[in-house]
There are 2 protein chains.
Amino acid sequence: MIRLTTQRQIILEELAKVKTHPTASELYDMVRKRLPRIGLGTVYRNLELMAENGMILKLEVGGTQKRFDATTEDHYHIRCSRCGRVDDIDIPVIDSLVESAAKSTDYQILGHHVEFTGICPDCQKKPKPGLQ
Amino acid sequence: MIRLTTQRQIILEELAKVKTHPTASELYDMVRKRLPRIGLGTVYRNLELMAENGMILKLEVGGTQKRFDATTEDHYHIRCSRCGRVDDIDIPVIDSLVESAAKSTDYQILGHHVEFTGICPDCQKKPKPGLQ
DNA sequence: TGAGATATGAGAATGATTATTTTATAGTAC
DNA sequence: GTACTATAAAATAATCATTCTCATATCTCA
Ligand SMILES: [Mn+2]
Ligand SMILES: [Mn+2]
Ligand SMILES: [Zn+2]
Ligand SMILES: [Zn+2]
């Protein structure tokens with residue numbers, strides 16, 4: 001198993017503190033408050049490594065940046081199409097989707113993810129952009 | 001409505017020809033056979049524009065590049081985790097998922113997408129990489 | 001037909017991520 | 001503890017996808 005260095009431990013702790021599904025650079029900023037000399041590359045390398053080892057989830061949601069999640073149980077997400085914020089959607093995971101899909105493809109299916117899109121509460125309050 | 005320039009028309013035609021969900025640069029290569037002087041920026045700009053106008057779908061699937069789809073009806077996808085190939089999954093779209101999710105969030109939900117992951121038939125035939 | 005609006009092509013710029021190189025730290029045998 | 005080896009970190013460079021800028025071209029319609 002992967003060695004738990006100070007850097008890895010703190011990255012993991014900071015990730016576990018939040019429900020915001022931070023990006024690598026957001027996490028970098030959080031971690032730097034405790035480890036000011038850590039490099040951005042270290043954050044990327046270890047997030048990747050921890051995701052490969054199943055310690056965290058790497059979310060390949062829409063938008064330009066990958067996001068990370070300390071909750072490794074299977075669950076769904078929603079992304080705000082205005083601001084990019086990502087939150088959990090707490091509905092039961094539908095395992096039968098995979099069985100259903102398996103019948104219609106020659107792929108060997110490994111899993112699935114549902115991503116909802118919408119407008120987050122904060123963005124609903126603000127006026128629509130681009131209308132002057 | 002958006003003006004149908006030669007470039008836009010040919011991008012659209014080339015996209016409609018394939019079921020492979022090409023990336024912008026794959027499409028650029030396809031289009032260049034008919035319009036050798038088209039710029040990559042033009043392809044990006046028009047794909048974006050056509051997606052905004054609902055003429056095509058921009059797929060924000062996992063992986064490093066966005067992919068495009070001339071089929072605008074709602075449907076699900078599967079992505080090969082080895083080679084990145086993306087195919088359609090022809091199972092009925094579950095509209096009740098959105099209703100279900102709406103009860104558990106304050107977001108105003110706009111839609112959802114399901115992305116399966118798996119190993120495509122081609123990659124199943126090849127030996128696993130990284131084992132020497 | 002020609003002024004204004006819109007689009008293109010070329011190339012530069014940006015931003016996220018990955019790779020490389022150098023340096024530091026940790027574990028281990030003596 | 002010292003020397004050796006492996007692993008990881010930090011700094012930095014490189015890569016790659018995408019977006020932006022701007023000069024030129026094309027279209028629209030009065
Ligand atoms: Mn989550
Ligand atoms: Mn499709
Ligand atoms: Zn928002
Ligand atoms: Zn494959």
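So you know, we letter chains A, B, ... as the sequences are listed, proteins then strands, and number each from 1. Quantities reported herein were computed from a predicted structural model and do not represent experimental measurements.
For the pair A/Arg3 and C/dA26, the criterion of a side-chain N or O lying under 4.0 Å from OP1 or OP2 is not met. For the OP1/OP2 pair of D/dA10 and a distance below 4.0 Å, the side-chain nitrogens and oxygens of A/Gln7 include at least one atom meeting the criterion. In this model, the phosphate group of C/dT8 is approached by a side-chain N or O of B/Thr5 to a distance below 4.0 Å at OP1 or OP2. OP1 or OP2 of C/dT18 has not a single side-chain nitrogen or oxygen of A/Tyr44 nearer than 4.0 Å. Taking 4.0 angstrom as the limit, B/Arg37 places none of its side-chain polar atoms (N or O) nearer than this to OP1 or OP2 of C/dT8. Distances shown here put a side-chain N or O of A/Arg8 below 4.0 Å from the OP1 or OP2 atom of D/dA9. The phosphate of D/dA10 has OP1 or OP2 within less than 4.0 Å of a side-chain N or O from A/Thr42.
Distance A/Leu40 CG to C/dT17 P: 9 Å, rounded to the nearest Å. At whole-Å resolution of the value, CD1 in B/Ile2 and P in C/dA7 are 7 Å apart. Atom CD1 of A/Ile11 is separated from atom C1' of D/dA10 by 13 Å (rounded to the nearest Å). The CG atom of B/Leu4 sits 17 Å away from the P atom of D/dT26 (whole-angstrom rounding). Note: CD1 (A/Ile10) to C1' (D/dA8) measures 15 Å, nearest angstrom. At whole-Å resolution of the value, CE in B/Met1 and C1' in C/dA7 are 17 Å apart. When rounded to the nearest whole Å, the span between CG of A/Leu49 and C1' of D/dT7 equals 11 Å. Spacing between atom CD of B/Glu26 and atom C1' of D/dA17 amounts to 13 Å, rounded to whole angstrom units.
Closest non-hydrogen pair, B/Thr72 versus B/Met55, comes out as CG2-O, 3.4 Å. In plain terms, the two heavy atoms of B/Ser81 and A/Leu110 that are nearest each other are OG-CD1, 3.7 Å.
Side-chain atoms of B/Gln65 lie closest to D/dA17 of the nucleotides D/dA17, C/dT8, D/dA10. When distances are taken from the side chain of A/Ala24 to each of C/dT17, D/dT19, D/dA10, the shortest belongs to C/dT17. Of all nucleotides listed (C/dT8, D/dA17, D/dA8), C/dT8 comes nearest to the side chain of B/Asn46.
Each of B/Arg45 and A/Thr6 has a nearest nucleotide on DNA chain C; the 5'-most of these lies closest to B/Arg45. Comparing B/Gly41 and B/Thr64 along DNA chain D, the residue whose closest nucleotide (by nearest heavy atom) sits nearer the 5' end is B/Thr64.
Side-chain atoms of B/Tyr107 and A/Asp87 form a donor-acceptor pair, as typed in the model, at a separation below 3.5 Å.
Here the CG atom belonging to A/Leu49 is positioned 9.5 Å from the CD1 atom belonging to A/Ile56, to the nearest 0.5 angstrom. Atom NZ of residue B/Lys103 and atom CD1 of residue A/Ile91 lie 10.0 Å apart, to the nearest 0.5 angstrom.
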